[in-house]
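Heads up, the thing below is written out as structure tokens.
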Amino acid sequence: MEKTYQPQALEQEWYKTWEEKGYFKPYQDGLDGEGYSIMIPPPNVTGSLHMGHAFQHTIQDALTRYKRMQGKKALWQVGTDHAGIATQMVVERKLAQEGQPDRHELGREEFTKKIWEWKEESGGTITSQMRRLGNSVDWETERFTMDPGFYKAVEEVFVKLYEDDLIYRGKRLVNWDPKLHTAISDLEVENKDVKGKMWHLRYPLADGLTYTDSEGNEKDYIVVATTRPETMLGDTCVAVNPEDARYQHLVGKDVMLPLVGRRIPIIADEYADMEKGTGCVKITPAHDFNDYEVGKRNELPMINVLTFNADIREEGQTFNFDGTVNEELSGFIPEKYRGLERFAARKEIVADFEAAGLLVEIVENDMVIPYGDRGGVVIEPMLTDQWYVDAKTMAKPAIAAVENGDINFVPKSYENMYFAWMNNIQDWCISRQLWWGHRIPAWYDDQGKVYVAQTEAMVREKYNLDASVNLSQDNDVLDTWFSSALWTFATQGWPNLDDPEVAKRLADFHPSDVLVTGFDIIFFWVARMIMMTMHFCKDGEGKAQVPFKTVYVTGLIRDETGAKMSKSKGNVLDPIDMIDGIGIDELLEKRTGNMMQPQLAEKIGKRTKKEFPEGISAHGTDALRFTLTALASTGRDISWDMKRLEGYRNFCNKIWNASRYVMLSVAGEDVVEAAAENGSKIVITDAMKAACGANGEEAILSLADRWIISRLQFVEAEVTRHLDQYRFDLAAHALYEFIWNEYCGWYLELSKPVLWDENSSEEAKRGTLGTLVRVLEATMRLAHPFMPFITEEIWQQVKVLAGKSGDTIMLAPYPVAQDAFRDADAEADIKWLQDVITAVRNIRGEKNIPPSKPLDLLFKNGGDDDFRRAEENQTFLKKLAQLENLTWLNEGDEEPMSVTQLVGDMEVLIPMAGFIDKDKEVERLTKSVEKLDKEIERVNNKLGNPGFTDKAPAAVIDKEKEKAAGFARDITKLKDQIEKIKAL
RNA sequence: AGGACUAUAGCUCAGUUGGUUAGAGCGCUACCUUGACAUGGUAGAGGUCCCCAGUUCGAAUCUGGGUAGUCCUACCA
């Protein structure tokens, strides 16, 4: 064994072994319990994993390994998502960079082929990252949302929902991304605060009408206010509030739309706000969501004046309020605006208003502008034909499932967020004008009539259409989230319920147990999964099945300053770099190379150099995982801290060296070092086994042995309890505390006096060696879900010595605390021992006595337990506190000049004739008395308060009384000591 | 505008149903290369638990109000 832990030497080897042996499979020998499943949130197939993934994967893997070790058929379902827009964009950009023909030149089929090629090329990144992270996913059943089976599920769902009247098609105003040329859902819109302008424009009244305004001015126009002047080309009316006295008399009259010359009415609609702008609002139903509603209410026509690029059309498209084509209305657009880009058109139109003397004023305006979260350009409300899911209907059971507790959110507060959104849910636009995705299984005849079924042949059969009817399939694909909403059941082979294998998997693994995901996709994914799953999956009694019983919502990983990690900020960290380390040059290249905004490169480079002047050193997977685990407090964002990672790398080293000590003790220095030199494992001999009592040889347990075994039960119970409550941070903390402080800090030290004492009996040594080995072995199993690699490595080395067998720790049983091994007496005795040793060390520290200098110790004022403990633990005391003689002072004995510490009622004295500074010692003791005085005053105040003594529970009062008495005793002793020192 | 979450040591965070002398890791100070580990050991310093008011015998913890920050939703001609 090496002197320090070398993770890179063993991690990848172990993973390979595990995978080859099939230990990740839910169906294998030894797993006889019930099914347990976690469905991975499928990452984008062409992406790569970031720290957030590493975090979520660590939790999922810990849970899976934990349940697997408990004997359950544990499935961590793995797979990836085709990520429609994102992937299509990446490939389009790639083609452009390589100077290849663009997608329109290639055509749909060829372009899709290119995407598949790209998927093959880049798809391995994620899976190899997952292997490095030690993720125990079932690779054999890996799924991709565009796989044939999954595709089939998606079509089935679409057709069924259509038949159930939960999907419909309609001409509606949608969020249109003019760059990507597709509709997007309202969730994909990012609203940004911007400082913009508002233009006040004059619209002249028709027919030479005039009126007198409130200030007595005669006017032949009204003034509208708008933030989007260019849409005036599509105005179909002006609205005023019905209550607005200023304009009531104008309702029913017309205005002449400037520049266009269209006659449009002035109507009364409560949407017009008297307080806002001028109180008159122009209505453009085809280009604004609010106006669209006004238009529908008032049965106004709609004029679409924009192309899909958001340029001005040659001629407006005219529709009636119900979306049917309006043949009468003119869609005339003045020639000079035709073909202009929307913002250029705005400039032009404003200029023309000004030139015509119709621009009244320009007002600065704080406003919110919608941007597409993918394309990054301003979203345009656009009148198009789209497919929708009736989300309102589907949300009802989905809301109920959370209300009645079939689904629990951890932390619970996210349920409010879920309800708020679900109760106010809008119909979900599921069609996307892309080529990459599941093509919508709908066909149209020449008249535009819709037919829905999986294939054209099925359409013909279902609707009785013979070959004379021309059919063409809908060109659009479905929103990516439509398919990922089916993730929990489609991954298991749904809808092939007749296949016994599928039926079995669904029975074992559906509903899944936990979904581990970020709060940012609760609406996108979690809510939609619940809706879809409950509609399509029923249990034996026909009751709707939920996709998962628990949703564990993780926080975000932020950088050390608390900022979100993002590529454009250049503060992203690759989990693999935490594991393997990375040089500064390579890190710089990674962060600044191939950037969307190259101008940021310099700033990012500087910042990176400052933060990581030496690059990042290697820490190993286990350290990374343990760090993430330890930081996983529920629902809280994590500020990533390299120092923390370093600390847990040290923890790995600590574990490694503890096991090294154990092996040195069992096998001897020569054997251990020889093995280290050859890079081989230590060969366990029968003699070693016998020395540890692996065959049940007689052994005597020391107090320390009994103590650590008792503490092991405690930590086993703690870790299990915390895991069951998803408190990974507390579980990690309990483990850390036990391993570092109790096992390494105390127990290993306590084992030395036994093992190194020539007078120790064979049985005593066997007891201690056996305990060293057994506790280590159990601790490795306890820690395995968090730190899979180091625990496997050490476990393989010690399992036989601990009398255990098995091919892998992955399938070894998870430790269960046993009350029979708890030993309150041993714990109390060791507590006493620790207190005495700490007292002595404390004195050494205070008085600057080197640890190597042996001291004499005097006990005073002890009870029966003190006498016994001192007697029984002489060896431990002498060794750990570096003491020469232990002596009891009897009542009335002469007391040498000493420094004192209290251990319970007992006093511990270190004679220090010659070294002691009387004044300083008095000062030190007086300070202690003062501190105690304050405490005792507080407690006495409490006890003197009748309100407290009357109302507080007896146990609490007793506790306080005890405290007061204890303080009083301590004070007496300290004062006594002060007097003695003064008297010397 | 509505809502959620957060505020505890220099930093990052724990603190279970109100009763602790308020904890951990890192950092800091002093000492120590003792035969697992200097990626180590021992000891120590360090806190107005954001502010105000209330409930209570008792508040870091519960209630109300405020301040600051983060985020979500909605809307703004």
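Given the structure is predicted, the values throughout are model-derived calculations rather than measurements. Chain identifiers are assigned alphabetically (A, B, ...) following the order of the sequence lines, protein sequences preceding nucleic acid strands; residue numbering begins at 1 within each chain.
- Nucleic acid contact class of A:Ala658 (heavy atoms, under 4.0 Å, all strands): base.
- Counting only N and O atoms by type, the side chains of A:Ser413 and A:Glu415 include no donor and acceptor under 3.5 Å apart.
- Residue contacts shown for A:Ala272 include a base, since a base heavy atom lies under 4.0 Å away.
- Within the 4.0 angstrom heavy-atom criterion, no nucleotide atom of any strand lies near A:Cys652.
- The shortest non-hydrogen separation linking A:Asp970 to A:Gly904 is OD1-O, 4.1 Å.
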Tabulate protein N/O versus nucleotide N/O from nucleotides 42-47 of chain B, keeping only pairs under 3.5 Å, one per line.
unit_1: B:G44; atom_1: OP1; unit_2: A:Asn842; atom_2: ND2; d: 2.9

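- Pairs engaging residues 620-652 of chain A under the ring pair (Phe, Tyr, Trp, His ring centres under 6.0 Å) rule: A:Phe626-A:Tyr648, A:Phe626-A:Phe651, A:Tyr648-A:Tyr736, A:Phe651-A:Tyr736 [sequence neighbours left out].
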Could you list all N or O pairs between the protein and nucleotides 18-20 of chain B that sit under 3.5 Å apart?
unit_1: B:U20; atom_1: OP1; unit_2: A:Lys942; atom_2: NZ; d: 3.4

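- As rounded to the nearest Å, B:A60 and B:U56 have C1' atoms that lie 16 Å from one another.
- With sequence neighbours excluded, no residue satisfies side chain to side chain donor-acceptor pair (under 3.5 Å) with A:Tyr414.
- Residue-level contact check: A:Leu664 touches the backbone only, with heavy atoms under 4.0 Å from sugar-phosphate atoms and none from bases.
- Annotation: salt bridge (charged side-chain N to carboxylate O under 4.0 Å, His left out) contacts of A:Glu718 (sequence neighbours excluded): A:Arg721.
- Crowding of A:Glu611 atom CD: a count of heavy atoms from other residues, nucleotides or ligands under 6.0 Å exceeding 12.
- Annotation: cation-pi pair A:Arg625/A:Phe786 absent, no NZ/CZ under 6.0 Å from the ring centroid and within 45° of its normal.
- Annotation: B:A77 and B:A4 have their C1' atoms spaced 31 Å apart (nearest Å).
- Looking at heavy-atom distances under 4.0 Å, A:Tyr271 makes contact with a base.
- Contact of A:Glu749 with B:A36 (side chain to base): a donor-acceptor pair of N or O atoms is detected under 3.5 Å.
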Could you pull out all donor-acceptor pairs under 3.5 Å where a side-chain atom in residues 662-672 of chain A meets a protein atom, sequence neighbours excluded?
unit_1: A:Ser665; atom_1: OG; unit_2: A:Tyr661; atom_2: O; d: 2.8

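- Within 4.0 Å of A:Asn945, counting heavy atoms only, lie sugar-phosphate atoms of the nucleic acid but no base atom.
- Residue contacts for A:Met198: at a heavy-atom cut-off of 4.0 Å it reaches the sugar-phosphate backbone alone, with no base atom in range.
- Judged by centroid separation below 5.5 Å and plane tilt below 30°, A:Phe651 does not stack onto the base of B:G25.
- Straight-line distance between the C1' atoms of B:U12 and B:G27: roughly 11 Å, to the nearest whole Å.
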Please tabulate, one pair per line, each protein N/O and nucleotide N/O from nucleotides 12-14 of chain B that are separated by under 3.5 Å, including the distance.
unit_1: B:C13; atom_1: OP1; unit_2: A:Ser639; atom_2: OG; d: 3.3
unit_1: B:A14; atom_1: OP1; unit_2: A:Ser633; atom_2: OG; d: 2.7
unit_1: B:A14; atom_1: OP2; unit_2: A:Arg636; atom_2: NH1; d: 2.6
unit_1: B:A14; atom_1: O3'; unit_2: A:Arg727; atom_2: NH2; d: 3.3

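- Base pairing in RNA chain B gives the following stems of 3 or more Watson-Crick or G-U pairs, range against range and under 3.5 Å: B:1-7 with B:67-73, B:10-13 with B:23-26, B:28-32 with B:40-44, B:50-54 with B:62-66.
- In this model, no side-chain donor or acceptor of A:Lys3 finds a partner on the base of B:C37 within 3.5 Å.
- For A:Asp637, the salt bridge (charged side-chain N to carboxylate O under 4.0 Å, His left out) test picks out A:Arg558, with sequence neighbours left out.
- Judged as a side chain to side chain donor-acceptor pair (under 3.5 Å), and not counting sequence neighbours, A:Lys654 has no contacts.
- Within the nucleic acid shown, A:Lys643 comes within 4.0 Å of sugar-phosphate atoms alone, with no base atom in reach, counting heavy atoms only.
- Comparing B:C50 with B:A59, their P atoms sit 15 Å apart, to the nearest whole Å.
- A:Trp640 comes within 4.0 angstrom of no nucleic acid atom, judged by non-hydrogen atoms across all strands.
- Residues forming a side chain to side chain donor-acceptor pair (under 3.5 Å) with A:Thr236 (at least two apart in sequence, or on another chain): none.
- Under 3.5 Å, the side chains of A:Asp269 and A:Asn298 contain a donor-acceptor pair of N or O atoms.
- Minimum heavy-atom separation, A:Ile266 to A:Leu250: CB-O, 3.7 Å.
- Summary of the strand contacts: A:Arg558 and A:Met274 both lie near RNA chain B, and taking for each the nucleotide with the nearest heavy atom, the more 5' one is attributed to A:Arg558.
- For A:Tyr552 and A:Phe728, the distance between ring centers is under 6.0 angstrom.
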Return a table of donor-acceptor pairs under 3.5 angstrom between the side chains of residues 223-233 of chain A and protein atoms on other chains or two or more places apart.
unit_1: A:Thr226; atom_1: OG1; unit_2: A:Arg228; atom_2: N; d: 2.9
unit_1: A:Arg228; atom_1: NE; unit_2: A:Glu230; atom_2: OE2; d: 3.2
unit_1: A:Arg228; atom_1: NH1; unit_2: A:Glu380; atom_2: OE2; d: 2.7
unit_1: A:Arg228; atom_1: NH2; unit_2: A:Glu230; atom_2: OE2; d: 3.0
unit_1: A:Arg228; atom_1: NH2; unit_2: A:Glu380; atom_2: OE1; d: 3.2
unit_1: A:Arg228; atom_1: NH2; unit_2: A:Glu380; atom_2: OE2; d: 2.9
unit_1: A:Glu230; atom_1: OE1; unit_2: A:Arg346; atom_2: NE; d: 2.9
unit_1: A:Glu230; atom_1: OE2; unit_2: A:Arg346; atom_2: NH2; d: 3.0
unit_1: A:Thr231; atom_1: OG1; unit_2: A:Arg228; atom_2: O; d: 2.8
unit_1: A:Thr231; atom_1: OG1; unit_2: A:Lys282; atom_2: NZ; d: 2.7

